[in-house]
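See below for the structure under consideration.
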Protein chains: 2
Amino acid sequence: MIRASIPEVSDSVFRLSKITDYGIVILAHLGREPEIVTHNAREVAGQVDLPVPVVSKVLKTLARKGLLESQRGAKGGYLLARRPEDLTVADMVAALEGPLAITECNVAPQLCQHEGHCAVKGPWKVINDVMKEALARVTLADLIDPSFPSEITPLQILGRLPRSETGPGVHHD
Amino acid sequence: MIRASIPEVSDSVFRLSKITDYGIVILAHLGREPEIVTHNAREVAGQVDLPVPVVSKVLKTLARKGLLESQRGAKGGYLLARRPEDLTVADMVAALEGPLAITECNVAPQLCQHEGHCAVKGPWKVINDVMKEALARVTLADLIDPSFPSEITPLQILGRLPRSETGPGVHHD
DNA sequence: TATTTACAGGACCGAATCAGTCCGATATGA
DNA sequence: TCATATCGGACTGATTCGGTCCTGTAAATA
C-alpha cells in the first residue's frame with residue numbers, strides 16, 4: 001500500500017527536539033499548579049501522558065540548568081525556580097537544547113572555515129537575533145494563559161517590552 | 001589533552017542543515033553576478049570554495065524547487081528564476097529544508113498524538129509564525145547588499161512591509 | 001552523427017545525532 | 001533500616017545528515 005504524500009516530520013526546519021518539546025509541556029504543567037509544593041516524576045508523567053523515564057530525564061535537565069529546584073529523597077520532587085512571568089521560552093529552549101544559532105558562526109567564532117570571507121554572515125546574525133528576541137518575549141505565564149491570543153501578528157509579540165536579557169539566576173555550564 | 005569547553009555545534013537549536021547553509025551562500029553568489037548568463041556547478045564550486053558534487057546537489061535542488069532555472073547541455077548552467085528582491089530567505093529555507101515547523105503539530109495536523117489535549121499548542125503556533133515572518137522579510141537583495149545593517153533591532157526587520165506570502169512561481173511538490 | 005559538456009534523479013554509505021531505557025549512587029523521610 | 005526520589009551518566013537501536021557516485025538525458029559543436 002502506498003502512503004499518499006503525508007508530510008514527513010523530518011523534512012521541516014527549525015524543529016525542536018522531542019525532549020525540548022516535552023520539557024516545555026512539563027514546565028507548563030508545573031506552572032499551572034503552583035499550589036503543589038513538589039511534583040515528582042511519576043506524578044508529572046501521569047499528567048502529561050509520557051513515560052516516567054522520559055519525564056525524569058527532562059526534569060533532571062531542567063533542574064541542572066536552574067529552571068527547577070529539586071528536593072531529593074522521599075516526598076521529594078521538583079518545583080519552579082522562578083515565577084512564570086520571569087521564565088521565557090528562550091530560557092527553556094536554551095536549557096534543554098543549547099544556544100540558539102542558525103548557522104555555525106552563530107554558535108561560536110572561528111568554527112566555520114568560511115567565516116573570513118563569508119558574504120552573508122551579517123544578515124544571518126540579524127535573523128538569528130530576531131528569532132532570539134521572539135522567543136525571549138513569550139513567557140511561561142503566556143503559555144499557561146488561556147487568553148493568550150491564538151491569532152496574533154508578529155508585531156504584537158515583538159512590540160512587547162523586552163524581558164531582561166537572560167533572566168535572573170540562569171545557570172550556564 | 002583535555003579540550004576546554006569548546007562549544008559543540010551539535011547542541012544548538014534551530015540550526016540550518018549544511019545543505020541549506022551552502023544553498024543560501026550559493027544563491028547570494030548568483031545574485032551578486034547578474035551579468036553572467038548561466039553559472040555551471042564547477043564555476044560556482046570554485047567561487048564559494050566547496051566540492052563540486054556538493055554544489056551540484058544544491059543547485060539541482062534549487063532548480064527543482066523553482067528558485068533557479070537550468071539550462072542543460074554544453075554551455076548549460078543555472079540562473080536565478082526571480083529578481084533578488086522577490087526571493088525571500090523563507091523561500092530559500094523552505095526549498096532546501098522543507099516547511100518551517102518548530103513542533104510536530106506545526107508540520108501537519110494529526111501528527112502529534114497529544115495534539116487534542118495539548119495546552120501549549122496555540123502559543124507555539126504564534127511563535128512559529130513570528131519566525132516565518134522574520135524570514136519572509138529578508139530577501140536575497142538584502143543578503144547581497146553590503147549596506148545591510150550589521151546591527152539592527154528586530155523591530156526594524158519586522159517593521160518592514162510584508163512581502164507577498166510565498167512569492168510568484170514557487171514550485172511546491 | 002559523434003563527441004563533449006553539463007544537468008536530472010536517485011542510490012548509497014559512514015558518521016553523527018536522537019529518543020528512550022536503565023543502572024548504581026546518594027539523599028531524605030518515616 | 002527501608003522505601004522513595006533525585007543525580008549522573010552509560011548504553012542502544014533508529015533515524016538523519018553529509019557527501020559521493022552512477023546512470024540517463026539534453027544541448028552545442030565539429
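Chain identifiers are assigned alphabetically (A, B, ...) following the order of the sequence lines, protein sequences preceding nucleic acid strands; residue numbering begins at 1 within each chain.
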Pairwise 5' ranking along DNA chain C for A:P51 and B:S70, keeping only the more 5' one:
B:S70

Contact string for nucleotides 24-30 of chain C, one letter per nucleotide 5' to 3', B = base within protein heavy-atom range under 4.0 Å, S = sugar-phosphate only, - = neither, reads --BBBS-

Tell me: CD1 of A:I26 to P of D:dT6, nearest whole Å?
12 Å

Just how far, in rounded Å, is P of C:dA6 from CG of B:L79?
16 Å

SB check A:R83 A:D86 (cutoff 4.0 Å):
yes

Can you tell me the distance, in whole Å, between the CZ atom of A:R42 and the C1' atom of D:dT6?
12 Å

For A:E85 and A:T139, test the side chains for any donor-to-acceptor distance below 3.5 angstrom and give the result as yes or no.
no

I'd like to know if A:R82 pairs up with A:D91 as an ion pair, taking the criterion as any Lys NZ or Arg NE/NH1/NH2 lying under 4.0 Å from an Asp or Glu carboxylate oxygen.
yes

List the atom of B:L100, the atom of A:V13, and the distance in Å for their closest heavy-atom pair.
CA-CG1, 3.7 Å

Would one find a side-chain N or O of B:Y78 under 4.0 angstrom from OP1 or OP2 of C:dA6?
no

Mapping A:K57 and A:G77 onto DNA chain D by nearest heavy atom, which one lands closer to the 5' end?
A:G77

Nearest whole Å is fine: how far is C:dC18 C1' from A:E97 CD?
10 Å

Atom pair OG/CG of B:S70 and B:L62 - distance to nearest 0.5 Å
11.0 Å

Nearest to the side chain of B:Y22, heavy atoms from C-beta on, is which of D:dG18, D:dG19, D:dT20?
D:dG19

Sorted by position of nearest nucleotide on DNA chain C, 5' first, the leading residue of A:L16 and B:S56 is B:S56

Below 3.5 Å, does any donor atom in the side chain of A:K18 face an acceptor in the base of C:dG20, or the other way round?
no

May I have the distance from B:N40 (atom CG) to C:dC7 (atom C1'), rounded to whole angstrom?
10 Å

Euclidean distance, atom CG of residue A:L68 to atom C1' of D:dA5 [Å, nearest integer]:
15 Å

With a 4.5 Å heavy-atom cut-off, do B:V89 and A:W124 have their side chains touching?
yes

Do the non-hydrogen side-chain atoms of B:L68 and B:L27 ever get within less than 4.5 Å of each other?
yes

Distance in angstrom units between A:I19 CD1 and C:dT21 C1', rounded:
11 Å

Of all the choices, D:dG18, C:dG10, D:dG8, which nucleotide is nearest to the side chain of A:K60 once you look at every atom?
D:dG8

Tell me the interatomic distance from B:L62, atom CG, to C:dG9, atom P, rounded to whole angstroms.
13 Å

